[in-house]
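Here's the structure, in structure tokens; my notes come after.
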Amino acid sequence: MSAIPVVPDAAGRFGRYGGRYVPETLIPALDQVVAAYRAAQTDPAFQAELHRLLTRYVGRPTPLTKATRLSQRLKRRIWLKREDLCHTGAHKINNALGQALLTLRLGKKRVIAETGAGQHGVATATACALLGLQCRVYMGVEDMRRQAPNVFRMKLLGTEVVGVESGTKTLKDAVNEALRDWVTNVTDTHYIIGSALGPHPYPMMVRDFQSVIGREARAQVLEAEGRLPHACVACVGGGSNAIGLFHPFLNDADVRLIGVEAGGNGSGLGQHAARFDGGSFGVFQGMSSYVLQNADGQVVGTHSVSAGLDYASIGPEHAWLRDRGRAEYRRASDAQALAGVHLLAENEGIIPALESAHAIGVLPEIVADLPDDAVVVVNVSGRGDKDVAEIARLEGVKL
Ligand SMILES: *Cc1c(COP(=O)(O)O)cnc(C)c1O
């Protein structure tokens with residue numbers, strides 16, 4: 001396979017995907033973010049400060065743990081990239097800290113963010129408390145009800161949580177409200193988007209901040225196995241933990257890159273969040289990509305057992321990698337995700353987040369077409385503590 005070209009282009013396009021579909025008033029702000037981000041990328045002081053926070057505060061590098069008993073069961077060599085061990089319990093802090101530092105560089109004092117389950121909200125609230133930034137998080141009131149502990153966590157961290165009453169009162173409505181705030185307050189406010197999606201430069205910038213996952217994993221697996229893996233596996237919501245793992249391996253043509261979407265509880269529209277298996281080309285929340293929509297182009301509701309994978313579109317770079325055949329995507333059902341929780345908990349003593357459990361639960365299928373003793377790196381994007389009550393409820397256990 002020929003070398004993968006550098007994307008996105010200056011307009012933020014990954015082939016036909018990405019770009020900017022936002023109100024005219026936001027274009028100068030997005031251009032300002034591009035310029036500040038480009039300067040930060042080549043500024044040794046910015047990079048040193050980010051590195052200091054990632055090591056001394058987040059706890060990086062996260063380990064690459066050999067899953068010994070799971071490896072015996074699956075007859076492959078399974079390695080776990082342990083983003084569950086990051087401060088705040090998931091990979092989201094890598095991006096939140098990077099963008100919070102960028103906010104200081106932009107000379108802005110106020111941060112806004114959207115959150116679904118509350119994981120990105122907590123990570124952003126954490127970064128803002130650490131760096132002394134004012135923070136407001138938009139969250140659908142339906143999500144606030146389902147994720148009350150995360151709402152309280154954000155408040156403990158000094159963040160204002162604003163409930164969104166419009167639409168289905170969930171993540172997409174929170175994004176719309178955050179964009180509205182940004183249009184009004186763009187002079188003193190930076191919007192920290194939580195995944196590798198939205199208008200340019202977010203898909204690129206979030207990918208870069210999360211690529212620390214893949215850079216570490218690549219060096220760690222080379223050190224441990226003396227070779228590159230046969231495959232890298234990660235769950236895909238908006239796509240940030242997956243693109244962060246995949247990106248440093250893109251030009252290693254022999255490494256299969258496998259993303260796992262939420263298969264929910266059926267294949268009908270509305271029953272899942274598998275954008276590549278039921279979605280089509282469309283424009284949604286500032287970008288073009290695959291979107292779960294009906295014949296009239298109306299975005300449809302989605303379902304997943306994990307709030308973090310429950311979104312109607314997917315980061316544009318994934319769409320581009322899939323079209324090129326460089327990455328492949330499959331789905332794991334709610335039931336497979338729950339099986340994945342048990343598989344990792346009982347064999348390795350690690351309770352994964354329900355999102356990450358999608359990547360674990362589908363491993364028995366994935367290894368079926370890999371050679372015996374194949375080396376596989378799986379991203380454990382977060383820990384499952386946040387999901388314990390929900391897992392119990394789903395399994396009919398009364399706590
Ligand atoms: C938010 C979240 C995800 C999904 O987001 P991506 O941007 O696709 O990574 C996955 N795992 C965990 C633990 C999360 O909190």
- Task: Over 60° means perpendicular and under 30° means parallel, so classify the ring planes of Y202 and Y191, tilted if in between.
- Result: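 Correct class here is tilted.
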- Message: Classify the ring geometry of F209 against Y37: parallel below 30°, tilted from 30° to 60°, perpendicular beyond 60°.
- Response: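 Plane angle over 60°, so perpendicular.
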Polar contact flag, side-chain donor to acceptor under 3.5 angstrom, [X]-[Y]:
X    : Y    : answer
H91  : S240 : yes
T189 : R110 : yes
E261 : H318 : no
E355 : S381 : no
Q147 : K386 : no

If you count the non-hydrogen atoms of other residues, nucleotides and ligands that lie under 6.0 Å from [atom1] in [X], is the total more than 12?
X    : atom1 : result
L102 : CG    : yes
N265 : CG    : yes
R105 : CZ    : yes

- Task: Kindly indicate whether a cation-pi arrangement holds for R16 with F281, taking the cut-offs as under 6.0 Å to the six-membered ring centre and within 45° of the axis.
- Result: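 Output yes; distance and angle both within limits.
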Going by an N to O cut-off under 4.0 Å, is there a salt bridge joining [X] and [Y]?
X    : Y    : value
D252 : R218 : yes
K75  : D373 : no
R69  : E346 : no
R331 : D277 : yes

Where is the tightest heavy-atom contact between [X] and [Y], given as atom of each residue plus distance?
X    : Y    : answer
R275 : V236 : NH2-O, 2.9 Å
N94  : R60  : OD1-NH1, 3.0 Å
P316 : S288 : CB-O, 3.9 Å

- Could you tell me whether the side chain of I78 reaches within less than 4.5 Å of the side chain of K66, counting heavy atoms only?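 A side-chain contact is absent here, since even the closest heavy-atom pair is not under 4.5 Å.
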- Query: Checking salt bridge (charged side-chain N to carboxylate O under 4.0 Å, His left out) against E317, which of R326, R207, R322 comes through?
  - Reply: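 Considering R326, R207, R322, a salt bridge (charged side-chain N to carboxylate O under 4.0 Å, His left out) with E317 is found only for R207.
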- Task: Quick one: do K108 and Q134 satisfy side-chain hydrogen bond (donor to acceptor under 3.5 Å, both in side chains)? Show the steps, please.
- Result: CA-CA 10 Å; K108 297 185 174 180; Q134 189 193 334; over 6 Å; no
